[in-house]
J.: 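Before I ask anything, here is the structure I am working with.
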Amino acid sequence: MRPFKYTNAKDVSSAIKLATGNPNAKFLAGGTNLLDLMKEDVERPDEVIDITRLGLAQIKTTDAGGISIGGLGRNTDAANHPLIRQHHPVLTQAILAGASGQIRNMATNGGNLLQRTRCPYFYDIAMPCNKREPGSGCGALEGINRMHAIFGWSEKCIAVYPSDMAVALAALDAVVKIKGPNGEERSVAITDFHRLPGDMPEKDTNLSHGELITAIEIPKSNFADHSYYLKVRDRASYAFALVSVAAALELTGNVILQARIAIGGVAHKPWRATKAEQMLVGKEATEANFKLAADAEMADAKPLEHNKFKVELGNRSIVRALQMALDGGKS
Amino acid sequence: MATAALCGHCRWHWMAANPDQIINFMKDKEINIGSPVSRIDGILKVTGKADYSTDHPVKNAAYAVIFKSTIAAGTITNIDSVTAEKSPGVLAVITHKNAPKLNAKGGIRGGAMLQSPEVLFFGQHIGVVVAETFEQARHAADLVKVDYDKKEAKTDFEKLHQNGVKPKDKEDEKRGDVKAALENAEFKVEETYATPIYHHHPLEPHATIAEWQGENLILYNSAQIVNGAQNAAASTFNLKPENVRIVSPYIGGGFGSKGGQWGNLVLAAVAAKMVNRPVKLALTRQQMFNSVGLRQRNYQKVSLAATKDGKLTALAHETATHAAIEDEFVEPCGDCSKIMYDTPNSLITYRVTPMNLILPTYTRGPGKSTGSFALESAMDELAYKLKMDPVEFRLKNEPEKDPSNGKPWSSRKVVECLKEGAKAFGWDNRKMEPMQNIQGNYWVGYGVACGTYPAHQRDSSAIVKLKREGSNVTAIIELAAADLGTGTYTILAQTAADALGLSMNNITVKIGDSDLPPAAGSVGSVGATSYANVVNDVCMKVTDELIARSGKQFFVRPTALQLMISEKVADIQTRADSKPLESAEQYSSHSFNANFAEVWVNQSTGMVRVKRFLAVTGAGKILNPKTARSQIIGGNVWGIGMALTEESVVDPRFGNFVTRSLADYHVPSNLDIGEMEAIFIKEDDKLANKLGVKGLGEVGIVGVSAAVANAVFNATGKRIRELPILPDKLL
Ligand SMILES: Cc1cc2nc3c(=O)[nH]c(=O)nc-3n(C[C@H](O)[C@H](O)[C@H](O)COP(=O)(O)OP(=O)(O)OC[C@H]3O[C@@H](n4cnc5c(N)ncnc54)[C@H](O)[C@@H]3O)c2cc1C
């Protein structure tokens with residue numbers, strides 16, 4: 001860990017100003033990811049700007065009837081808020097499926113979106129990694145890649161994005177609210193917020209340096225009665241997903257009006273299974289139809305040496321999550 | 001002890017003059033031993049008052065941080081430490097270039113003491129930075145630049161295991177003709193079972209404070225074998241043992257990794273010498289992966305033959321494994337197979353291949369935990385082929401004597417473990433055929449497997465010091481024993497209280513210091529047996545001395561408490577040096593168990609949950625059912641981890657572990673563990689040792705992973721022969 005300066009930001013605009021003034025500065029929210037990476041010498045900021053006293057923790061309904069979650073609110077509070085539990089239980093399930101109680105108490109919603117990959121080659125500075133050190137090569141491509149991507153990877157990077165919360169947010173078509181260096185605000189759809197690695201795996205997201213996540217907005221939807229977050233992992237708790245699926249259905253009778261499926265643990269971003277979703281619209285909600293949709297989506301997967309199982313697992317997980325959603329989402 | 005002849009079968013050959021005393025005495029006998037006393041050091045621990053290695057308040061300490069090699073084989077050609085040396089607070093950068101010459105064969109495990117530029121594994125210690133603060137040292141360690149001349153490394157066990165050779169200390173053991181028996185078998189199983197590398201990962205990482213006082217070296221350092229650590233450190237620094245003091249009152253777990261001592265201890269002492277100050281050195285969790293040994297990867301081929309009515313005719317257990325380049329350690333995977341079942345033909349072999357990985361070492365239930373996975377899985381496979389209940393199949397092959405040496409058992413309660421376990425578990429509800437028990441989206445399965453671990457007593461000495469003020473008598477018990485968090489303090493207080501007639505509150509136990517009388521280590525399940533026996537002996541001895549001093553005759557043996565008061569003795573102390581019973585040699589002494597698991601396997605995802613686990617154990621006299629249960633279920637939890645979650649993975653291109661934190665190396669979480677039950681079969685093995693104790697530190701992990709894997713087969717019909725059973729193996 002390198003020596004660094006600690007700055008306590010007083011308000012949003014000074015936080016942004018401080019960050020803009022120093023290209024090597026980083027915002028410090030819960031610190032559960034940033035500090036780990038600094039200790040590992042992966043992240044090397046020379047200044048951390050503490051943003052935990054800026055407020056921005058509210059959860060409230062928006063004028064458009066959606067729900068806004070403060071960027072600096074804690075994961076635990078988001079998961080347990082009555083508005084979220086009532087309208088978006090799939091988000092509650094997803095958050096609670098991640099990390100541990102202690103970590104969720106520290107972790108913030110903005111920090112969660114920006115957590116970095118858990119690829120072991122990224123974490124170990126003795127290993128090559130294009131994300132950490134552009135041009136050094138991808139250690140995982142021909143290495144141990146059981147945990148890695150099956151969709152959207154490039155020769156430069158096969159890492160997966162680890163957040164559970166973001167997978168549910170992707171299924172819910174959430175929008176990330178951002179404030180920039182000149183006080184300007186912009187909104188980015190969650191599905192456009194994270195990037196595929198392409199030629200620039202060092203860039204995880206479309207957020208620019210100095211921009212601050214102020215809130216996450218979830219539009220109104222009718223999925224609350226039929227949604228489910230399924231997480232498959234190597235132990236019952238406190239493990240990142242091998243594959244996870246956020247599934248949500250809007251039904252009339254047993255006919256699907258709208259389907260949302262987002263998959264975690266398979267790509268450099270939450271993977272919206274748009275093919276599967278489209279196939280389900282207007283169809284009966286049956287296991288057979290779920291299976292057809294899953295087959296269609298997973299047909300495009302490009303597995304690596306050690307993660308071929310993720311294709312079958314992804315397929316089954318889509319079917320199972322849809323089934324659970326249909327049954328009311330209670331595990 | 002001339003009067004001993006009065007009453008041959010009992011220690012209490014004295015008769016009391018006062019009948020009240022008889023009644024009193026009978027009541028008090030073994031009030032503490034055998035009762036579920038909570039750990040007497042528990043409050044200290046949960047309030048943070050128990051000092052672990054680097055907690056000791058040593059003044060003026062500097063901090064040391066180790067840096068490690070990033071290649072698996074080769075030579076260091078250059079170390080550029082100029083920037084590191086100039087970094088704020090840095091006191092020294094120590095590498096092979098300036099480290100003192102040490103005795104590399106002094107008994108420190110795993111080399112890595114900066115004696116040469118040679119690199120033998122990825123993550124070998126290659127230097128240490130000492131600074132005023134921990135943060136300064138850690139930062140400076142990142143600034144050191146190392147150049148290597150890389151050599152091809154042996155890192156791929158899949159490719160190398162065929163080249164294995166016979167280990168130095170393990171001959172092939174043959175009885176009868178296994179080959180012929182297999183050829184003529186009516187039923188047989190010949191399969192290979194694989195287990196990955198496992199790490200110990202005690203909660204307290206290896207950590208040391210080293211302080212030189214002239215020629216004397218004090219090491220605050222967790223040690224499962226206090227005197228072993230003392231001797232290894234002394235020999236490495238060419239000192240006399242009495243010049244080295246190990247202070248290790250509390251140990252935050254060890255599981256074998258703190259049995260021997262590793263380079264980190266030596267580097268702390270080297271650093272302290274070089275900066276002429278006390279030095280604190282603690283390994284990080286990441287460094288723990290390649291600093292303090294590991295349980296090696298094993299391929300175990302087990303061949304079993306049986307007649308159609310289920311009598312075993314052959315058992316072969318052939319293990320292929322790896323050791324380090326510079327040293328050999330091979331865990332005895334065939335040990336269970338040598339003694340568990342009656343068979344006329346048997347073969348136990350080992351082949352080992354050196355690899356550029358850290359030296360393997362003792363890891364809880366060495367050989368037995370992994371060996372029992374192979375043996376007990378194969379037994380289950382054969383039971384299915386025979387269409388026989390796996391409990392019944394085991395009962396059919398119960399050996400009357402130790403098959404490996406013909407000695408009678410000092411005690412062996414496998415039959416009782418199996419029968420009582422089957423009853424308590426509801427084994428009758430098991431469906432013989434797989435995939436028959438379906439609950440919603442889950443397949444449910446039951447599995448059984450047996451386990452064993454040797455029982456030994458080792459030489460130990462202890463001092464008791466008695467003191468009286470008025471009618472209040474207190475005792476101090478002293479010996480260089482170890483408490484890994486297992487309850488040594490508690491059981492010794494219980495033992496001493498009963499032996500002296502005192503209340504436990506009046507007993508102080510002092511252990512974990514090499515200045516105290518030498519004692520066995522808390523290793524190989526010998527701790528409780530050796531310590532409790534010597535403490536009982538020394539308490540008996542002081543009572544004898546008090547009786548002798550009184551010059552009186554008693555009809556019933558009085559307690560030390562009674563004598564201190566009646567004879568008005570102010571203080572007395574004595575020492576005992578205990579050895580195992582000579583007659584114990586004539587018997588084969590082991591603890592045994594039977595494990596029962598119920599698993600639920602998610603049909604969609606392949607995730608396995610152990611809903612219920614029952615271990616039934618025969619481990620001699622149980623000194624404290626509460627600490628004993630903790631030992632057993634702790635072992636069970638690790639066994640479940642072995643079965644389902646734990647695995648360290650090497651990238652053979654680099655020789656490093658890609659699992660390098662506890663986020664990747666998965667020990668079971670609370671949610672992975674269902675209902676745990678431990679039952680002890682009543683046993684009092686006076687043939688094994690005077691107190692009848694057999695020890696249970698390790699047996700709790702033995703047989704566990706096989707019980708789980710067998711339950712997974714019963715649930716799903718999938719036989720997983722390579723641990724851990726991760727979800728993808730069940731899709
Ligand atoms: C052992 C372990 C297990 C875990 N398991 C899981 C799991 O199973 N599933 C899961 O989803 N997560 C898991 N996590 C990750 C955890 O969810 C994240 O660490 C956490 O959400 C990060 O939030 P934070 O507030 O602590 O972020 P920080 O560490 O403070 O920040 C992370 C990054 O985001 C930036 N940042 C933070 N807030 C803002 C903002 N408002 N605007 C702009 N930039 C910002 C920081 O500069 C930094 O670069 C695990 C973590 C650990 C340590």
Side-chain angles (χ1 to χ4, degrees), chain A residues 1-4 36 38-41 44 99-101 103 118-121 123-128 139-140 142-147 162 230-245 287 306-321 323-324 327 331, chain B residues 68-71 87-89 122-123 134-136 138-139 141-143 146 284-286 441 602-610 640-641 644-647 649-654 656-674 724-731:
Chain A
M1 189 186 237
R2 321 250 151 173
F4 60 90
D36 266 7
M38 286 167 69
K39 287 185 200 162
E40 298 267 17
D41 206 25
R44 301 171 176 180
S100 65
I103 291 175
R118 309 301 290 204
C119 173
Y121 299 90
Y123 257 80
D124 187 346
I125 59 164
M127 295 291 114
E142 283 165 4
I144 309 293
N145 50 34
R146 176 171 175 268
M147 296 300 291
L230 174 72
K231 183 174 178 183
V232 186
R233 43 187 148 172
D234 284 336
R235 64 180 162 188
S237 161
Y238 209 23
F240 291 94
L242 294 167
V243 166
S244 68
V245 175
E287 191 169 342
H306 301 121
N307 69 5
K308 301 199 168 60
F309 73 94
K310 281 194 178 182
V311 182
E312 171 67 14
L313 185 60
N315 192 311
R316 289 172 179 221
S317 299
I318 292 172
V319 176
R320 179 76 187 150
Q323 197 70 47
M324 294 299 290
D327 292 347
S331 41
Chain B
K68 288 167 155 285
S69 72
T70 55
I71 62 162
S87 183
F122 190 106
F134 167 69
E135 288 77 9
Q136 289 169 336
R138 177 172 60 182
H139 171 51
D142 284 342
L143 300 176
V146 184
T284 64
R285 186 55 67 185
Q286 283 82 353
N441 195 41
N602 188 313
Q603 295 181 352
S604 318
T605 64
M607 284 175 77
V608 181
R609 289 294 151 266
V610 177
I640 291 170
L644 298 181
T645 60
E646 286 186 45
E647 172 179 35
V649 181
V650 176
D651 183 334
R653 300 169 305 163
F654 304 101
N656 64 328
F657 294 114
V658 292
T659 35
R660 52 184 290 287
S661 81
L662 291 181
D664 317 301
Y665 182 82
H666 291 148
V667 301
S669 66
N670 277 323
L671 209 54
D672 288 286
I673 302 302
I725 307 173
L726 297 172
D728 43 298
K729 294 185 186 166
L730 295 175
L731 293 181

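Owing to the predicted nature of the structure, the values given are computational and were not obtained by experimental measurement. Convention: sequence-line order gives letters A, B, ...; per-chain numbering from 1.
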J.: Hey, could you give me the CG/OH distance between D651(B) and Y121(A), rounded to the nearest 0.5 Å?
T.: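 The OH atom of Y121(A) is 3.5 Å from CG of D651(B), to the nearest 0.5 Å.
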
J.: Search all heavy atoms of R235(A) against all heavy atoms of R609(B) and return the closest pair with its distance.
T.: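 Scanning both residues completely, I find the closest heavy atoms to be C-NH2, 3.9 Å.
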
J.: Heavy-atom distances under 4.5 Å only: say whether N670(B) touches chain A with side chain, backbone, both or neither.
T.: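 Looking at N670(B), nothing touches chain A.
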
J.: Quick check on the interface: out of V650(B), L662(B), L726(B), who has the most heavy-atom pairs with chain A under 4.5 Å?
T.: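 Between V650(B), L662(B), L726(B), the count favours L726(B).
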
J.: Count the heavy-atom pairs under 4.5 Å between each of V243(A), D234(A), L242(A) and chain B, then report the option with the highest count.
T.: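 Of the options given, most contacts go to D234(A).
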
J.: For Y123(A), which atoms come within 4.5 Å of any heavy atom of chain B: side chain, backbone, both, or neither?
T.: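 Contact with chain B is through both the backbone and side chain of Y123(A).
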
J.: Determine the minimum heavy-atom distance between A663(B) and R118(A), stating which atoms define it.
T.: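 Minimum heavy-atom contact is CB-NH2, 4.1 Å.
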
J.: Tell me, side chain or backbone of R233(A) under 4.5 Å from chain B's heavy atoms, or both, or neither?
T.: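 Contact with chain B is through both the backbone and side chain of R233(A).
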
J.: Can a donor-acceptor pair be found, under 3.5 Å and without considering hydrogens, that links the side chain of R320(A) to the backbone of Q603(B)?
T.: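 No, because the side chain of R320(A) does not come within donor-acceptor range (under 3.5 Å) of the backbone of Q603(B).
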
J.: Once rounded to the nearest 0.5 Å, what's the spacing between atom CG of N602(B) and atom OG of S317(A)?
T.: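 Rounded to the nearest 0.5 Å, the CG-OG separation comes to 9.0 Å.
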
J.: Work out which heavy atom in S237(A) is nearest to a heavy atom in D672(B); give both atom names and the distance.
T.: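 Heavy-atom minimum between the residues: N-OD2, 4.3 Å.
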
J.: At a 4.5 Å cut-off on heavy atoms, which part of I125(A) comes close to chain B: side chain, backbone, both, or neither?
T.: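 The answer is neither part of I125(A).
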
J.: Identify the heavy atoms of E40(A) and Q286(B) that sit nearest to each other, and give their distance.
T.: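 So the minimum-distance heavy-atom pair works out to OE2-NE2, 2.7 Å.
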
J.: Which heavy atom in L143(B) sits nearest to a heavy atom in R2(A), and how many Å separate them?
T.: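 That closest heavy-atom pairing would be CD2-NH1, 4.4 Å.
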
J.: Just so I know, are the side chains of Y238(A) and P668(B) near enough to count as touching, which here means a heavy-atom distance under 4.5 Å?
T.: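 Side chain of Y238(A) against side chain of P668(B), heavy atoms only: no contact under 4.5 Å found.
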
J.: Side chain, backbone, both or neither: which part of I673(B) has a non-hydrogen atom closer than 4.5 Å to chain A?
T.: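 It is neither, since no heavy atom gets under 4.5 Å.
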
J.: Could you grab the distance from atom OG of S604(B) to atom CG of L230(A), nearest 0.5 Å is fine?
T.: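 Between atom OG of S604(B) and atom CG of L230(A) there are 7.5 Å.
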
J.: Can you say whether V658(B) sits under 4.5 Å from chain A via the side chain, the backbone, both, or neither, judging by heavy atoms?
T.: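 Both backbone and side chain.
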
J.: Look at V608(B), T70(B), T645(B) and state which one has the largest set of heavy-atom pairs under 4.5 Å with chain A.
T.: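 Most pairs with chain A among the choices: T645(B).
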
J.: How many angstroms lie between atom CG of L313(A) and atom CG of L730(B), to the nearest 0.5 angstrom?
T.: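 Reported to 0.5 Å precision, the distance equals 11.0 Å.
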
J.: Between D124(A) and R660(B), is there a side-chain N and carboxylate O pair less than 4.0 Å apart?
T.: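 Salt bridge present between D124(A) and R660(B).
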
J.: Does any heavy atom of chain B fall under 4.5 Å from the side chain of P162(A), the backbone, both, or neither of them?
T.: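 Interface part for P162(A): neither.
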
J.: Charged N to carboxylate O under 4.0 angstrom, R146(A) versus D728(B)?
T.: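 Salt bridge flag = yes for D728(B) with R146(A).
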
J.: What residue in R653(B), M607(B), K729(B) has the most heavy-atom pairs under 4.5 Å with chain A?
T.: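 Most pairs with chain A among the choices: R653(B).
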
J.: Give, as side chain, backbone, both or neither, the part of M127(A) having an atom under 4.5 angstrom from any heavy atom of chain B.
T.: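 The side chain, not the backbone.
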
J.: Closest approach of R316(A) and L731(B), non-hydrogen atoms and distance?
T.: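 Minimum heavy-atom separation between R316(A) and L731(B): NH2-C, 3.4 Å.
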
J.: Go through the atoms of E142(A) and report whether side chain, backbone, both or neither lie under 4.5 Å from a heavy atom of chain B.
T.: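 Both parts, heavy atoms under 4.5 Å.
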
